Amino acid sequence: MTTTATWTRKHLLGLQELSREEIELVLETAKSFKEVSSRDVKKVPALRGKTVVTLFFEPSTRTRVSFELAAKRLSADTLNITASVSSTTKGETLLDTAKNIEAMSVDAMVVRHGTSGAPMILAEGLNCSVINAGDGCREHPTQALLDMFTLQEKFGRIEGLKVAIVGDILHSRVARSNIWGLTKLGAKVTVCGPATLMPRGIESMGVQVSYDIKDVIRNSDAIIALRLQKERQEAKFLPSMREYAQLFGINAVKLSEGKDGLIVMHPGPTNRGLELSAEVADGKQSVILDQVTNGVAVRMAVLYLVLGTKES
Ligand code: CP
């Protein structure tokens with residue numbers, strides 16, 4: 001995969017608006033950054049003098065830590081702000097909080113927020129770059145980019161791969177970003193989960209819908225199991241968690257029906273015993289920790305590309 005695309009975007013808000021060539025450019029750039037994390041001195045001077053702030057209004061382990069590591073490995077200065085200790089708790093608006101942080105000469109703000117579209121509001125109101133680290137149920141672009149990077153690394157291609165996304169599709173920003181990205185890169189995507197957690201009309205995004213997990217496992221090259229997002233479920237979408245685990249949870253018995261080379265992915269955090277059995281999560285077909293490792297390289301690429309652009 002080689003691309004002649006150039007990067008002109010100041011922000012990364014989602015994969016819906018990115019072209020195939022732009023996605024390929026991020027993946028190629030990430031490939032060149034991956035070896036930095038295996039050096040004794042894990043640093044390159046690419047973003048020396050830049051300041052990157054992470055502003056998280058929802059919990060995170062992987063995304064926040066890997067953005068911070070990515071920025072540090074590019075020699076940027078970093079600052080992490082969590083909502084519970086910010087002045088939004090005293091009634092300040094999101095944009096006011098962000099403008100005040102930006103007033104201290106910040107170059108990029110990495111934002112996670114429970115409201116879909118919150119990073120767009122910041123991108124319109126701020127002068128610095130804004131990177132979406134997950135907004136409501138809408139998009140989680142860097143998660144999908146690291147998932148695609150991992151698929152590319154494991155299979156040497158994405159074009160033609162059969163990828164199944166399994167679980168709580170309705171509430172999943174990871175599913176949406178992966179659908180945008182994977183279909184643009186030529187993968188055949190199937191979504192599978194309980195009917196109550198399947199968005200109406202999702203076929204219009206270019207995916208197939210299945211409710212038969214065994215059939216999906218038999219016919220896939222890769223399965224992306226999703227976290228069941230209990231915090232976003234206002235109504236009762238499932239009779240019981242036990243029933244979900246029985247019907248859609250992936251265990252070693254179900255997985256044994258899959259093709260040779262089938263891999264299992266999960267964005268984390270994993271509810272062990274619910275979406276994946278412990279045996280599968282820790283098993284040979286699981287690439288969950290590879291995804292986490294690749295997250296640093298992908299976020300280095302995104303920061304590097306976004307902060308290098310001159311677009312205003
Ligand atoms: N995948 C993901 O977004 O994980 P975190 O919530 O830990 O950042």
Side-chain angles (χ1 to χ4, degrees), residues 12-15 26-27 30 37 52-73 78-84 108-119 130-151 153 163 165-182 191 193 222-233 250 263-272 274-276 280-282 286-303:
L12 177 65
L13 303 176
L15 296 194
V26 177
L27 301 184
S37 293
V52 176
V53 170
T54 62
L55 180 58
F56 276 55
F57 291 83
E58 286 188 333
S60 170
T61 300
R62 284 145 286 265
T63 312
R64 196 183 60 72
V65 172
S66 66
F67 263 115
E68 185 178 355
L69 284 175
K72 284 187 191 314
R73 287 179 188 172
T78 61
L79 186 68
N80 300 309
I81 301 172
T82 43
S84 56
M109 220 172 281
V110 178
V111 183
R112 171 170 288 188
H113 202 282
T115 302
S116 298
V130 176
I131 299 170
N132 181 5
D135 64 323
C137 300
R138 202 186 69 88
E139 282 228 37
H140 191 349
T142 57
Q143 178 66 46
L145 287 164
L146 75 87
D147 291 342
M148 287 187 276
F149 185 92
T150 306
L151 286 165
E153 198 174 59
V163 181
I165 306 176
V166 176
D168 182 357
I169 311 293
L170 184 65
H171 299 101
S172 179
R173 54 197 179 203
V174 174
R176 281 176 188 74
S177 285
N178 263 304
I179 291 170
W180 290 123
L182 285 166
V191 290
I223 292 171
I224 302 176
L226 299 172
R227 182 174 70 85
L228 206 52
Q229 302 203 21
K230 297 171 200 162
E231 75 276 21
R232 296 194 211 282
Q233 298 191 10
I250 299 168
I263 63 169
V264 178
M265 306 169 76
H266 193 297
T270 309
N271 293 305
R272 281 172 180 256
L274 189 54
E275 303 112 18
L276 299 177
V280 169
D282 301 329
S286 166
V287 297
I288 293 172
L289 292 179
D290 298 298
Q291 291 172 262
V292 178
T293 300
N294 290 336
V296 178
V298 163
R299 288 169 178 131
M300 286 172 82
V302 168
L303 287 169

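Just so you know, these numbers come straight off a predicted model, no measurement behind them. Numbering of ligands and ligand atoms starts at 1, following listing order.
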* Asked: Do we get R112 above F56's six-membered ring, with its NZ or CZ under 6.0 Å from the centre and within 45° of the axis?
  ->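 No, R112 does not sit over the ring of F56.
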* Where the side chain of Q291 meets the backbone of H266, is there a donor-acceptor pair that is under 3.5 Å apart? ->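 At least one qualifying donor-acceptor pair exists.
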* Asked: Is R227 reaching over with its side chain to a backbone N or O of P267, donor-acceptor style, under 3.5 angstrom?
  ->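 No, because the side chain of R227 does not come within donor-acceptor range (under 3.5 Å) of the backbone of P267.
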* Asked: Does an N or O from P269, backbone or side chain, lie closer than 3.5 Å to an N or O of ligand 1?
  ->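 It does not: no N or O of P269 is found under 3.5 Å from an N or O of ligand 1.
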* Report yes if S60 has an N/O atom closer than 3.5 Å to an N/O atom of ligand 1; otherwise report no. => yes
* Structure fact -> ligand 1 atoms nearer than 4.0 angstrom to some heavy atom of T61 are 5 (P), 7 (O), 8 (O)
* Asked: Should you measure from each heavy atom of T63, which atoms of ligand 1 turn up under 4.0 Å away?
  ->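 Result: 2 (C), 3 (O), 4 (O), 5 (P), 8 (O).
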* Does ligand 1 have any atom that is closer than 4.0 Å to a heavy atom of R227? ->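 Distance cut 4.0 Å: R227 fails for ligand 1.
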* To do: Would you please determine whether G268 falls within less than 4.0 Å of ligand 1 on a heavy-atom basis?
  =>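 Distance cut 4.0 Å: G268 passes for ligand 1.
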* The one among H140, E58, Q143 that brings a heavy atom closest to atom 3 (O) of ligand 1 ->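 Residue with the shortest heavy-atom distance to the ligand atom: H140.
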* Any side-chain donor near an acceptor of the partner, D290 and T150, under 3.5 Å -> no
* Asked: Are side-chain N/O atoms of R64 and T54 paired as donor and acceptor at under 3.5 Å?
  -> no
